[in-house]
Amino acid sequence: MSLDYLLNPENWSLANSAGFPQRILEHLAYTGLALALAFAIAFPLGLWIGHTGRGAFLAINIGNAGRALPTLGVLMLALALVGIGLLPVTIALVVLAIPPILASTYAGIRAVPPTVVDAARGIGMTEPQIALRTELPIAAPIVIGGVRNAALQVISTATIAAYVGLGGLGRFLFDGLALRDYSRVVAGAVVLAVLAVVIDLLLAGAQRILVSPGVTGRQARRVTVGSKS
Amino acid sequence: MGFFADVIRYLQINGETVLQALLEHIWLALLPVLIAFVLAVPIGWLVVRVKPLSQIILAGSSVMYTIPSLALLLLLPGIIGTSVLDTINVVIALTLYSVALLVRTSADALGSIDDAAVQAAVSMGYGPVRRWFTIDLPLAMPVLLTGLRVATVANVSMVSVAALIGIGGLGQLFTRGFQLGFYAPPIVIGLVLSVLLAVVADLAIVAVQRLATPWTRAGKTA
C-alpha cells in the first residue's frame, strides 16, 4: 500500500484546486447542505409526530424504508429525472439523511416518561412549550444520535458526487481507479475515513455540550462507579 | 405507460443479467451477516464477561462502523493483498461492518438475561455448556435477532456501493443506467428489487424470531 500520494505536500497545498484541502471543503459543503435540508424537514416533523402521537406509523416506516433504499439507485434515478448537477446529488443525500433524523427524533420524544409530560402540563406549560422545553431536552441525546448517524452516512455517500462529475473526496477514488493509480485511491480513502471519524468525534463533543448534564446520565454513572469501588 | 413498457422490454432483453445481479446481490449481502452473527455472539459474550476488554471492543466497533464503505472497499485490497475487483473484499468489508453492529447488540442481549433464570438452571444442575445453549442463548435471541434485522437491511442496501468499483450485485443496474445516459428502466428495476430483497429478508428474520422465541408472543397475548 503506497502512501506517496497522501504524503506529497503538493497535494496538501491550499492553492491546489485539486488538492486535499479544497476537496475536503467541497465534501463538507455537500454534506452540510444535505444535512441542513434533511434536518429542516425531518426534525420538526419528528417532533410533531412524537409529541402528538399522530402519524407514528409514518415515522416508523419511513425510518425502515429509508434504511433499505440504496442511495446509489436514488442518485441515478434523480439524475435520470432532473439531469446532471448538484441538485440530484443533494436530493439523493437528503433522502438518505431524513430517515435516521426523523426516526430518532420521534423515538426520542416518545421515550420521554409520560409523568414528566403530565407534570409540565400540570404547571401550566403550553403544548409547544412542553415539546420544546420539556420533551426536547430529555430526548436530545437520542435526537443528536440520529443526526450523528445521518452525518456519517452522508459523509460516506457524498463520494458519489464525484462519480457524476462533481468535486469532493470521491474524486481521488474515482480518478485513481480510472488512472490505475492505487496510491491516489488509498490517499482518498484514508482522508475520507479520517474525515468521517473526526466529524463523528466533533458531533460527540457537541452532544456533550448541548445535552443538559441532568439528562446525560453521566453524573449518575459516576456515582454508581464510585459506590462500586 | 411508455415507461412501464420500457421496463418490461428491458426485463425481456436483459432478464438473465438482472437475475444474475439479484442472485449475486443476495449472497453478497447475506453471507457476511451469517459469518458476522457467528463471530459477534462470542465477542459479545467477552464484552459482557471481561470488563477491561469491553471498552476496547465497543470503541473499536464504533470506529469500524464510522469508516465509509467505499473507502473500506478500496483500502482492504492493499491491506489483505487481494485485487480491487475481488468479490472477497465486499464479503470481508460487509462482515466487518456487521460484526461491528452485532457486537453491541449481542453484548446488550447477553447482558440483559434474567439472572433468576440462570440461577434456576444452575440449581437444577445444568452444566455451563448446556446452560449456555438452552438458557442464555434462547433468552438473548429476541435482542440478537433485532440486531440481525438491522444488519441485514443495511447490508442489502450497502452492497450496491460495490458497483461503483465494478463488483456485482444489483448496483450494476444503477451503473448500467448511468452508462446508458441515465436510462431509467434498469435503475428502477434495481431499486425495486433491492428494496424488495431487504423487505423479504427482514420478514424472514421476523418469521424465524416468531418460531424461535414463542414465549415473547405468549407474554403479549396474556
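Below, each value reflects all heavy atoms present in this structure, side chains not excepted, and no hydrogens, waters or symmetry copies. We name chains A, B, ... by the order of the sequence lines, and we start the count at 1 in each one.
- Side-chain contact between B/Thr175 and A/Tyr163 is present, with heavy atoms from C-beta onward closer than 4.5 Å.
- Only the side chain of A/Leu152 comes within less than 4.5 Å of a heavy atom in chain B; its backbone stays farther off.
- Counting non-hydrogen atoms of neighbouring residues, nucleotides and ligands closer than 6.0 angstrom, the CD atom of B/Gln179 exceeds 12 such neighbours.
- Across all non-hydrogen atoms, the minimal contact from B/Pro68 to A/Ser156 is CB-CB, 3.1 Å.
- Contact record, A/Ala189 with B/Leu75: CB-CG, 3.5 Å, taken as the closest heavy-atom pair.
- For the set B/Val156, B/Val63, B/Leu164, B/Val161, the count of heavy-atom pairs under 4.5 angstrom toward chain A peaks at B/Leu164.
- Of the two parts of B/Val159, neither the backbone nor the side chain holds a non-hydrogen atom closer than 4.5 Å to a non-hydrogen atom of chain A.
- Within the 4.5 Å cutoff, side-chain heavy atoms of B/Phe182 are placed close to those of A/Ile84.
- Listed by sequence position, B/Val150, B/Val153 are the residues of residues 147-154 of chain B in contact with chain A, using a 4.5 angstrom heavy-atom cutoff.
- Heavy-atom distances place the side chain of A/Val185, and not its backbone, under 4.5 Å from chain B.
- Between chain A and the residues B/Ala71, B/Ser62, B/Ser69, the largest count of heavy-atom pairs under 4.5 Å involves B/Ala71.
- Expressed to the nearest 0.5 Å, how far CE of A/Met76 lies from CZ of B/Arg176 amounts to 12.5 Å.
- Here the closest heavy-atom approach between residue B/Ile187 and residue A/Ala80 is recorded as CD1-CB, 4.4 Å.
- Comparing A/Leu77, A/Asp200, A/Thr71 by heavy-atom pairs within less than 4.5 Å of chain B, the highest count is held by A/Leu77.
- Considering CZ of B/Phe174 and CG of A/Leu79, their distance stands at 12.5 Å, rounded to 0.5 Å.
- Distance alone, capped at 3.5 Å, is enough to place a donor-acceptor pair between the A/Tyr182 side chain and the B/Leu74 backbone.
- A distance of 11.0 Å separates CG of A/Leu72 from CG of B/Leu170, quoted to the nearest 0.5 Å.
- Closest of all the heavy-atom pairs between B/Leu191 and A/Gly73 is CD1-O, 3.8 Å.
- Across A/Ala193, A/Gly83, A/Gly170, A/Gly176, the residue that shares the most heavy-atom pairs under 4.5 angstrom with chain B is A/Ala193.
- Contact of A/Val194 with chain B is not made at all, since no heavy-atom distance falls under 4.5 Å.
- For the set B/Ile67, B/Leu70, B/Leu197, the count of heavy-atom pairs under 4.5 angstrom toward chain A peaks at B/Leu70.
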